[in-house]
> 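Got a structure for you, questions after.
The model shown is predicted, which means the values in this text are computed figures rather than measured ones. The chain is numbered in sequence order, starting from 1.
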Amino acid sequence: MIQMYRTATRAFLDIFPLAIVISAMVALAKQFLSSTSIFDGSLIAFAIIAFYAHRAILLDERLSWRNALWRPSKDAQPIKMGPFLWRMFGWWTFAAAVWAFCFLALRRASFLPDQNITPDESAGLIFVGLILTVVITLPVLAAFGTMFPAAAVEGSTSLGSAWRRGRKSFWRALGRLWGGNILFFVISSGVLLWLLPETGSPVMDGVMRVPFELVGIFAICLTAAALSLAYIEDEFENSHAPDQTDDGPLRS
């Protein structure tokens with residue numbers, strides 16, 4: 001667990017310019033725009049964060065302020081982000097489908113089909129549905145999630161390769177996911193809610209949203225660390241096996 005937090009911290013510092021820019025943009029957008037108008041943009045922003053977090057861990061890449069604010073130089077090595085992004089959005093679609101199923105199942109079990117529910121009851125169903133979604137999807141992520149670091153470094157991204165890696169590190173990866181992203185995000189968000197209450201000023205409230213977004217980004221780095229460590233451990237085993245396989249470049 002300590003190794004995961006150390007790895008995530010290093011990745012967070014490596015991508016900090018991008019993290020602070022995206023945090024500020026998303027925080028201000030959430031403050032001044034409707035949630036539906038920024039939802040897709042936030043997903044893309046956090047998917048990009050995850051992509052660069054994996055590369056920071058596996059390839060020792062460090063983003064500069066120029067990378068975060070402007071286009072890279074013309075002679076920069078082209079980066080293929082597409083394979084990572086479509087897998088990430090595929091994963092989110094799966095998680096959303098699980099949540100929708102849990103929500104509808106809970107509503108059917110708790111209320112009559114034609115019964116109207118109050119906003120508080122709906123919020124309760126949403127919250128419980130989210131908890132069930134996390135419980136259901138985290139084992140799937142532990143089993144197949146190494147496709148994400150593989151896609152970030154242009155390694156083998158097939159489900160067969162992901163399952164081969166995942167079944168060897170399943171319990172370690174699952175423990176890291178629970179003790180990393182989930183535990184950190186819940187505790188840190190609760191502490192920030194206590195320390196940074198709303199002021200009533202739109203500008204100040206927008207500024208104080210930035211730490212919440214940074215907490216979310218560090219949680220993304222923790223997930224990237226948990227999956228990348230499983231990927232690295234498999235690469236280490238393969239490098240010491242008689243029949244070596246190469247799933248992509250790794251940081252030294």
> Quick one: do Trp178 and Val135 satisfy side-chain contact (heavy atoms from CB on, under 4.5 Å)? Show the steps, please.
CA-CA 10 Å; Trp178 274 108; Val135 172; 4.2 Å; yes
> I'd like to know whether Phe46 forms a side-chain contact (heavy atoms from CB on, under 4.5 Å) with Glu213, so could you lay out the CA-CA distance, the side-chain angles of the two residues, the decisive distance to 0.1 Å, and finally the verdict.
CA-CA 10 Å; Phe46 293 135; Glu213 303 304 329; 3.4 Å; yes
> Any sub-3.5 Å donor-acceptor pair from Asn181's side-chain atoms to Leu222's backbone N or O?
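No, Asn181 side chain to Leu222 backbone: no donor-acceptor pair under 3.5 Å.
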> Classify the angle between the aromatic ring planes of Phe94 and Trp91 as parallel (below 30°), tilted (30 to 60°) or perpendicular (above 60°).
tilted
> Would you check, one step at a time, whether the test side-chain contact (heavy atoms from CB on, under 4.5 Å) holds for Phe16 with Leu63?
CA-CA 8 Å; Phe16 184 75; Leu63 294 179; over 6 Å; no
> Quick check against the 3.5 Å criterion: does Ser161 have a side-chain atom that pairs as donor or acceptor with the backbone of Thr157?
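Looks like no, no N/O pair under 3.5 Å.
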> Quick check: closest heavy atoms across Ala142 and Leu177, and the distance to 0.1 Å?
N-CD1, 4.0 Å
> Quick one: does Arg165's side chain have a donor or acceptor within less than 3.5 Å of a partner on Ala230's backbone?
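Checked: no pair found.
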> Below 4.5 Å, heavy atoms only, C-beta onward: do Ile20 and Ile217 meet side chain to side chain?
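Heavy-atom side-chain distance check fails, nothing below 4.5 Å.
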> Kindly say whether Thr118 contributes a backbone atom to a donor-acceptor pair with the side chain of Glu121 at under 3.5 angstrom?
yes
> Side-chain contact test, heavy atoms from C-beta onward, threshold under 4.5 Å: evaluate it for Ile57 versus Pro149 and give yes or no.
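No. Closest side-chain heavy atoms not under 4.5 Å.
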> Between Glu61 and Arg10, does any NZ, NE, NH1 or NH2 come within less than 4.0 Å of an OD or OE carboxylate oxygen?
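Not counted as a salt bridge, because no side-chain N and carboxylate O are separated by less than 4.0 Å.
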> Heavy atoms only: give me the nearest Ala50-Met88 pair and the separation to one decimal.
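Scanning both residues completely, I find the closest heavy atoms to be CB-CE, 4.0 Å.
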> Is the Phe218 ring parallel, tilted or perpendicular to the Tyr5 ring (thresholds 30°, 60°)?
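Rings of Phe218 and Tyr5: tilted, 30 to 60°.
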> As an exercise, state the distance from CD1 of Ile44 to CE of Met81, rounded to the nearest 0.5 Å.
11.0 Å
> Any heavy-atom pair between the side chains of Ile117 and Ser110 that's under 4.5 Å?
no
> Using atom types as modelled and distance alone, determine if a side-chain donor or acceptor of Ser169 lies under 3.5 Å from a backbone N or O of Arg172.
no
> Which atoms form the tightest heavy-atom contact between His54 and Phe148, and what is the distance?
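Between these two residues, the closest heavy atoms are NE2-CB, 3.9 Å.
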> Strictly distance-based, threshold 3.5 Å: is any side-chain N or O of Arg107 a donor or acceptor partner for the main-chain N or O of Phe103?
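No, because the side chain of Arg107 does not come within donor-acceptor range (under 3.5 Å) of the backbone of Phe103.
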